[in-house]
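So the structure is just underneath, and the comments pick up after that.
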2 protein chains.
Amino acid sequence: MQQRDRDRRIRKTKQLLRRSFAVLLAEKPLEDITVKELTERADINRGTFYCHYRDIYDLKDQIERELYEEFVAVIDSYGVDNLRQELRSVMAAVFSFLQRNKEFAVIISNYKADSLFFSWVRSEIFRRGLSEWQRIYGFRDSLQWEYYLDFVVAGCVSMLQSWIKKGMRDDPEEMGALAERFILYGPGEVLG
Amino acid sequence: MQQRDRDRRIRKTKQLLRRSFAVLLAEKPLEDITVKELTERADINRGTFYCHYRDIYDLKDQIERELYEEFVAVIDSYGVDNLRQELRSVMAAVFSFLQRNKEFAVIISNYKADSLFFSWVRSEIFRRGLSEWQRIYGFRDSLQWEYYLDFVVAGCVSMLQSWIKKGMRDDPEEMGALAERFILYGPGEVLG
DNA sequence: TACGATAACCAACACTATGTTCATTTGTGT
DNA sequence: ACACAAATGAACATAGTGTTGGTTATCGTA
């Protein structure tokens, strides 16, 4: 990415394509978007599209991939050892990361069902959580633990998604605290 | 559905198309499957396909829609009043429902990310849970409750999905009990 | 069993998007 | 200013789409 995008022209065309892609995605489902229409909207030669992407799905994948790499960088900054202790801060950081990338977050939440991004996020967090569990407890009760980990990870990601759909208004710090309570204490405090 | 599918010919072609669709889906992603290839595999005239479906996505939607309607019938049999009391049984029933429809369940879990079925299931359970909450508690703390409900619903659905991917081996009754514990008591018993 | 209805078949059709080519023009980094 | 690379525009063969009309085969029912 660094090597290739040195050229201003490349950055410009990619940006134009992405903007038009976002607009189109707000109008119709992904499978109805054609290269022809996209490039006409962006006022880019159709051939140029194929210099950068294989097809529409490749474009979508690249966008999600880049967002995902940034996400990994964010949670990497918290080290692997203290995920449990810093649960609240990590979650808050993720919420605030999405807020900073509002434009893409909205694009992704426009996909009718799940996006690749969130699916990657789920398996990444699952992987990390599982390895931490095994580091601490070995393989004891690992099946139940796997289901529970899967349960809470999916829960958190779904919180992220509905938070986005609600307009990202609630404070990231509060959302992080909420997520932590859901994960560690269940519904106790919510149901009273 | 009842009116049209009286004719044996229709049932037969639809079945053939679905079988070939399942096979193709195991080979390649949905967006790479063409009507032409599908009908050739099924040994059905291409024009016949268009008598029943608008396009590939319509075929996929109809399959998921039918499975979803059966699902709704299953949870409807538990009445709306006692969702909370019968949590375990309802969840067990859902697990066992998917086990009975193994073939379709596997098809759906083959979609990388975009299964309409599970997305419908999520919003349906969410809707029911929310209305039950409001019936019992009014609108008190409804925001936190909404996030928590979203959290656990997504968690349960994700349990279903990973259970399918593990081969549906664990007993539906046990899975139902596990889900209930996760929902009501959080990780307490799992983490010890 | 016979009959009217209709689903499936077949061939053909125009149409659209795809992916690739090549020569040309424009803009870039150093 | 220069060499290089990206973007353009036009053209092309290809493949899938969606629909047509006429024919054959199969269906449900009386």
Side-chain angles (χ1 to χ4, degrees), chain A residues 1-66 111-112 116, chain B residues 1-66 110-112 114 116:
Chain A
M1 287 302 154
Q2 310 90 320
Q3 284 270 2
R4 270 175 220 150
D5 293 9
R6 250 203 317 245
D7 197 315
R8 186 186 306 149
R9 289 170 295 184
I10 297 182
R11 287 199 305 272
K12 218 174 81 182
T13 48
K14 282 194 172 181
Q15 204 173 13
L16 280 171
L17 286 172
R18 284 176 184 214
R19 281 198 206 292
S20 308
F21 182 58
V23 174
L24 276 174
L25 212 48
E27 295 176 15
K28 54 169 78 174
L30 184 63
E31 62 263 25
D32 292 343
I33 298 177
T34 65
V35 175
K36 181 174 158 57
E37 187 178 8
L38 175 65
T39 50
E40 278 171 358
R41 292 273 194 116
D43 198 24
I44 295 290
N45 189 279
R46 195 167 56 87
T48 307
F49 176 91
Y50 292 102
C51 296
H52 303 291
Y53 308 103
R54 204 173 47 257
D55 54 29
I56 291 284
Y57 297 96
D58 187 41
L59 166 62
K60 172 200 161 241
D61 286 356
Q62 281 195 33
I63 292 176
E64 297 207 76
R65 162 66 63 181
E66 283 175 34
Y111 299 149
K112 283 290 183 312
L116 272 183
Chain B
M1 285 302 153
Q2 312 89 316
Q3 285 269 3
R4 268 175 222 151
D5 294 9
R6 244 191 340 226
D7 197 317
R8 186 187 304 150
R9 290 170 293 183
I10 297 183
R11 287 199 304 272
K12 218 174 79 180
T13 47
K14 282 194 174 183
Q15 204 173 13
L16 280 171
L17 285 172
R18 285 176 182 213
R19 280 199 207 292
S20 308
F21 182 58
V23 174
L24 276 174
L25 212 47
E27 294 177 14
K28 55 169 79 174
L30 183 62
E31 63 263 24
D32 292 343
I33 298 178
T34 65
V35 174
K36 182 173 157 55
E37 186 177 9
L38 174 65
T39 50
E40 277 172 0
R41 291 277 191 112
D43 198 23
I44 296 290
N45 188 279
R46 194 167 58 86
T48 306
F49 175 91
Y50 291 103
C51 297
H52 303 291
Y53 309 103
R54 205 174 45 257
D55 52 30
I56 291 285
Y57 297 96
D58 187 41
L59 165 62
K60 170 201 163 237
D61 285 357
Q62 282 194 34
I63 292 176
E64 298 205 76
R65 161 67 62 181
E66 283 174 35
N110 255 344
Y111 299 152
K112 285 289 183 316
D114 50 358
L116 273 182

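A, B, ... follow the sequence lines: proteins, then strands. Residue 1 opens every chain.
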Practice item. Over all heavy atoms of both residues, which pair between A:K14 and A:Q62 is shortest? Give the atoms and the distance, please. Key: NZ-OE1, 4.2 Å

Review point. Rounded to the Å, how far apart are B:K12 NZ and D:dG28 P?
Key: 11 Å

Check your understanding: Which value, rounded to the nearest 0.5 Å, describes the distance between B:L16 atom CG and B:T39 atom OG1?
Key -> 11.5 Å

Practice item. Send over the distance from A:D7 CG to D:dA7 C1', rounded to a whole Å. Key: 10 Å

Exercise for review: Could you pull out all residues at least two apart from B:E37 that satisfy side-chain contact (heavy atoms from CB on, under 4.5 Å)?
Suggested key: B:L24, B:K28, B:T34, B:R41

Review point. Which atoms form the tightest heavy-atom contact between B:L38 and B:L17, and what is the distance?
Key: CD1-O, 3.7 Å

Practice item. Report the distance from atom CZ of B:R6 to atom C1' of C:dA5, rounded to the nearest whole Å. Key: 12 Å

Study note, to complete from the structure: By salt bridge (charged side-chain N to carboxylate O under 4.0 Å, His left out), B:K36 pairs with (sequence neighbours left out) B:E40

Anything under 3.5 Å between a protein N or O and an N or O of nucleotides 23-27 of chain C, put it in a table, one pair a line.
residue	atom	partner	partner atom	Å
C:dG27	N3	A:R9	NH1	3.3

Practice item. May I ask you to verify if any side-chain N or O of A:H52 is less than 4.0 angstrom from the OP1 or OP2 atom of D:dA6? Key: no

Exercise for review: Specify the angle, to 10°, made by the local axes at the two ends of the helix from C:dT1-D:dA30 to C:dT30-D:dA1 when five pairs are taken at each end.
Suggested key: 60°

Practice item. Please collect all ring-ring contact (aromatic ring centres under 6.0 Å, His included) contacts where either partner lies in residues 22-50 of chain B, sequence neighbours excluded, each pair once. Key: B:F49-B:Y53

Review point. What residue pairs, at least two apart or across chains, pass salt bridge (Lys or Arg N to Asp or Glu O under 4.0 Å) with a residue in residues 50-59 of chain A?
Key: none

**Study point:** Options C:dC10, C:dA8, C:dA17, nucleotide nearest the side-chain atoms of B:N45
**Key:** C:dC10

Practice item. Could you check B:R11 against B:I33 and say which one's nearest nucleotide on DNA chain D is further toward the 5' end? Key: B:I33

Review point. Can you name the side-chain contact (heavy atoms from CB on, under 4.5 Å) partners of B:R19, sequence neighbours left out?
Key: B:Q15, B:E103

Exercise for review: Determine, for A:E66 against A:R18, whether the closest basic-nitrogen to carboxylate-oxygen distance falls under 4.0 angstrom.
Suggested key: yes

Between protein and nucleotides 18-22 of chain D, what N or O pairs are separated by less than 3.5 Å?
residue	atom	partner	partner atom	Å
D:dG18	OP2	B:Y50	OH	3.2
D:dG18	N7	B:R46	NH1	2.9
D:dG18	O6	B:R46	NH2	2.9

Exercise for review: Nearest whole angstrom, please: distance from the C1' of D:dG9 to the CG of A:D43.
Suggested key: 13 Å

Review point. Do any N or O atoms from the side chain of B:R46 and from the backbone of B:V35 form a donor-acceptor pair under 3.5 angstrom?
Key: no

Practice item. Quickly work out the A:D32 CG to C:dA17 C1' distance and round it to whole Å. Key: 13 Å

Study note, to complete from the structure: In whole angstroms, the gap separating P of C:dA7 from CD of B:Q15 amounts to 18 Å

Review point. In whole Å, what is the span from the NZ atom of B:K36 to the C1' atom of D:dT14?
Key: 12 Å

Revision key, fill the gap. Looking only at D:dT8, C:dA17, C:dA8, the nucleotide nearest the A:T48 side chain is D:dT8

Check your understanding: Of all residues at least two apart in sequence or in a different chain, which pass the side-chain contact (heavy atoms from CB on, under 4.5 Å) check with B:N45?
Key -> B:T48

Exercise for review: Please identify each residue that fulfils side-chain hydrogen bond (donor to acceptor under 3.5 Å, both in side chains) with A:R9, with sequence neighbours left out.
Suggested key: A:D7

Study note, to complete from the structure: Taken to the nearest whole Å, CG/B:L16 to P/C:dA7 is 17 Å

